[in-house]
Asker: 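Following this message is one structure expressed as structure tokens.
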Number of protein chains: 2
Amino acid sequence: MSITPKGEARRQALLDAVLRVLEKGGPSAVTHRAVAAEAGVPLAAATYYFDDLDDLLVSALRRATEQQLDLFAPLAGARLGDFARALLDYTHTHRAEAIAQYELLFMAMRRDSLKGDAELWYGALDDAVRAATGDRLDEARRRGVSWAVDGLILHMLWRGEPSNVEAVEGALRDILGPQSPRDPRDPT
Amino acid sequence: MSITPKGEARRQALLDAVLRVLEKGGPSAVTHRAVAAEAGVPLAAATYYFDDLDDLLVSALRRATEQQLDLFAPLAGARLGDFARALLDYTHTHRAEAIAQYELLFMAMRRDSLKGDAELWYGALDDAVRAATGDRLDEARRRGVSWAVDGLILHMLWRGEPSNVEAVEGALRDILGPQSPRDPRDPT
DNA sequence: TCCTTTTTGGTACAATAGTACCAAAAAGGA
DNA sequence: TCCTTTTTGGTACTATTGTACCAAAAAGGA
């Protein structure tokens, strides 16, 4: 029968629990017992669905990255406000996933097998920036904007600011600089 | 007698060892035993000089942050090339300290007592950007540039690129945008 | 010099954590 | 239905780790 719906649900519950534990206590807090407790399942469940602790952690980080990618995927041709909203969604509504994603980035610094996942995320960020700025920026300049958005995300994660759409839009304008109109579709 | 020169040296050796262990294995690898082994001192030394493991870790992260601040301190009025060199120094020569500093940033996300250290770093980054760009940028725009430099640093840390002064200078120009001259002091 | 304080380093203990194990239960498929 | 496979959850074992302890050594100060 190979896989059970209920079993799959439990597996997902464990992955979710990893993110919550990670957000609250950092990487070193991610233990079989802590995750199982957070997910409300017995200890053995955490060892049954994953080869070992590393597998559990990495699986959770990869899943979080995929989920975050979806937030930016539908941004093609979007206005600046939509991009700002996506950023807020990324750093506030899905804060645990965002933190997980950056933890994965740091793990990628010392483990080549994770580099691909990191590339995936930065590729998506580039695409989103491209989509939101249209063809107003050349490739070189867009590279700088992507770095700035990355820095902005980091800032939003640890400071909690900016915390509303207008403020994030303002931040994005500061990044794009004075030569860009207030909104690509609204050249007021 | 309160403190011994040799004892102080050993204390510093332990803090250095923390950074190396952290760079290699991440936060969860930082154990009394691993640090003591890396520093070449007996286990008990790691418990003698610090209250507990958390004290050891946080002390090391704080020290790394202070050291990194020094890299950007003497940048007042510097040219873009000097800033690029400082970034390379930061991410390559002092990679372990840089990683430690970002680990501290992530710890600050869940511990208020570390927020001040994080502010310190970002304040220094802002100052450095201000010093390197002179008065060519207004405050809002400078904010965007600081975020971009932060993102660039992250990129340099996990990708290792750009890895030479010219390339970093190019990256900085991509960040500053087309409206800025190649160099503030060299308006070729 | 003698005395006090600090440092050393080896050892031991208790807590935590990773993982194996297994008998019972549940879930499909034939 | 019966049989096989998967899942469950409790338990136990072992490794790792944080931390306490202590006697000996070293390091100043009087």
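Below, chains carry the letters A, B, ... as their sequence lines are ordered, and counting in each starts from 1. Computation of the quantities below employed the complete heavy-atom set of this structure, encompassing side-chain atoms and omitting hydrogens, waters and symmetry-equivalent molecules.
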Asker: Salt bridge (Lys or Arg N to Asp or Glu O under 4.0 Å): which pairs involve residues 143-156 of chain B, sequence neighbours left out?
Answerer: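 Matches after skipping sequence neighbours: A:Asp174-B:Arg143.
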Asker: Show me the donor-acceptor pairs, under 3.5 Å and distance only, between side chains in residues 21-36 of chain A and residues at least two apart or in other chains.
Answerer:
from    : atom 1 : to      : atom 2 : distance (Å)
A:Glu23 : OE2    : A:Arg95 : NH1    : 3.4
A:Thr31 : OG1    : A:Ala34 : N      : 3.0

Asker: Hey, could you give me each pair passing salt bridge (Lys or Arg N to Asp or Glu O under 4.0 Å) that has a residue in residues 157-166 of chain B? Not counting sequence neighbours.
Answerer: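 Sorted result for residues 157-166 of chain B: A:Glu119-B:Arg159.
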Asker: Can you tell me if A:Tyr49 touches the phosphate of D:dT8, counting only side-chain N or O atoms and a distance under 4.0 Å to OP1 or OP2?
Answerer: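 Yes, A:Tyr49 has a side-chain N/O under 4.0 Å of OP1/OP2 on D:dT8.
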Asker: Return the set of residues passing ring-ring contact (aromatic ring centres under 6.0 Å, His included) with A:Tyr90 (not counting sequence neighbours), or none when no residue passes.
Answerer: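 Applying ring-ring contact (aromatic ring centres under 6.0 Å, His included) to A:Tyr90 gives A:Phe72, A:Trp121.
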Asker: Is the phosphate of C:dT7, meaning OP1 or OP2, less than 4.0 Å from a side-chain N or O of B:Arg11?
Answerer: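 So the side chain of B:Arg11 is outside the cut-off, no N or O lying under 4.0 Å from OP1 or OP2 of C:dT7.
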Asker: Would you kindly give the CD-to-C1' distance between A:Glu8 and C:dA26, to the nearest whole Å?
Answerer: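 Rounded to whole Å, this separation is 18 Å.
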Asker: Taking Watson-Crick and G-U wobble pairs with both distances under 3.5 Å, convert DNA chain C into its dot-bracket string, 5' to 3', dots for unpaired and | for cross-strand pairs.
Answerer: ||||||||||||||||||||||||||||||
Asker: Run the salt-bridge test on B:Asp112 and B:Lys115 with the 4.0 Å N-O cut-off and return the result as yes or no.
Answerer: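 Judged by the 4.0 Å cut-off on N to carboxylate O distance, B:Asp112 and B:Lys115 do form a salt bridge.
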Asker: Check whether any side-chain N or O of B:Arg10 sits under 4.0 Å from OP1 or OP2 of C:dG9, and answer yes or no.
Answerer: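 Yes.
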Asker: Strictly under 4.0 angstrom, non-hydrogen atoms only: write out the protein contact profile of nucleotides 18-25 of chain C, one letter per nucleotide from the 5' end, B, S or -.
Answerer: BB------
Asker: Please tabulate, for the side chains in residues 124-131 of chain B, all donor-acceptor contacts under 3.5 angstrom to protein atoms that are two or more places apart in sequence or on a different chain.
Answerer:
from     : atom 1 : to       : atom 2 : distance (Å)
B:Asp126 : OD1    : B:Ser146 : OG     : 2.7
B:Arg130 : NH1    : B:Glu139 : OE2    : 3.0

Asker: Can you give the donor-acceptor pairs under 3.5 Å from side chains of residues 10-19 of chain A to other protein atoms, not counting sequence neighbours?
Answerer:
from    : atom 1 : to      : atom 2 : distance (Å)
A:Arg11 : NH1    : A:Tyr49 : O      : 3.2
A:Gln12 : OE1    : A:Arg63 : NE     : 2.6
A:Gln12 : OE1    : A:Arg63 : NH2    : 3.1
A:Gln12 : NE2    : A:Glu8  : OE2    : 2.6
A:Asp16 : OD1    : A:Arg63 : NH1    : 3.0
A:Asp16 : OD1    : A:Arg63 : NH2    : 3.4

Asker: Would you indicate which nucleotide in C:dT6, D:dT8, D:dG9 comes nearest to any side-chain atom of A:Tyr48?
Answerer: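 Per side-chain heavy atoms of A:Tyr48, the pick is D:dT8.
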Asker: Going by side chain to side chain contact (heavy atoms under 4.5 Å, CB included), name the residues that satisfy it together with B:Asp138, two or more places apart in sequence or in a different chain.
Answerer: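 In terms of side chain to side chain contact (heavy atoms under 4.5 Å, CB included), with neighbours along the sequence ignored, B:Asp138 is linked to B:Ala140, B:Arg141.
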Asker: Using whole Å, what does the distance between atom P of nucleotide C:dT7 and atom CD of B:Gln12 come to?
Answerer: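 Rounded to the whole Å, the gap is 14 Å.
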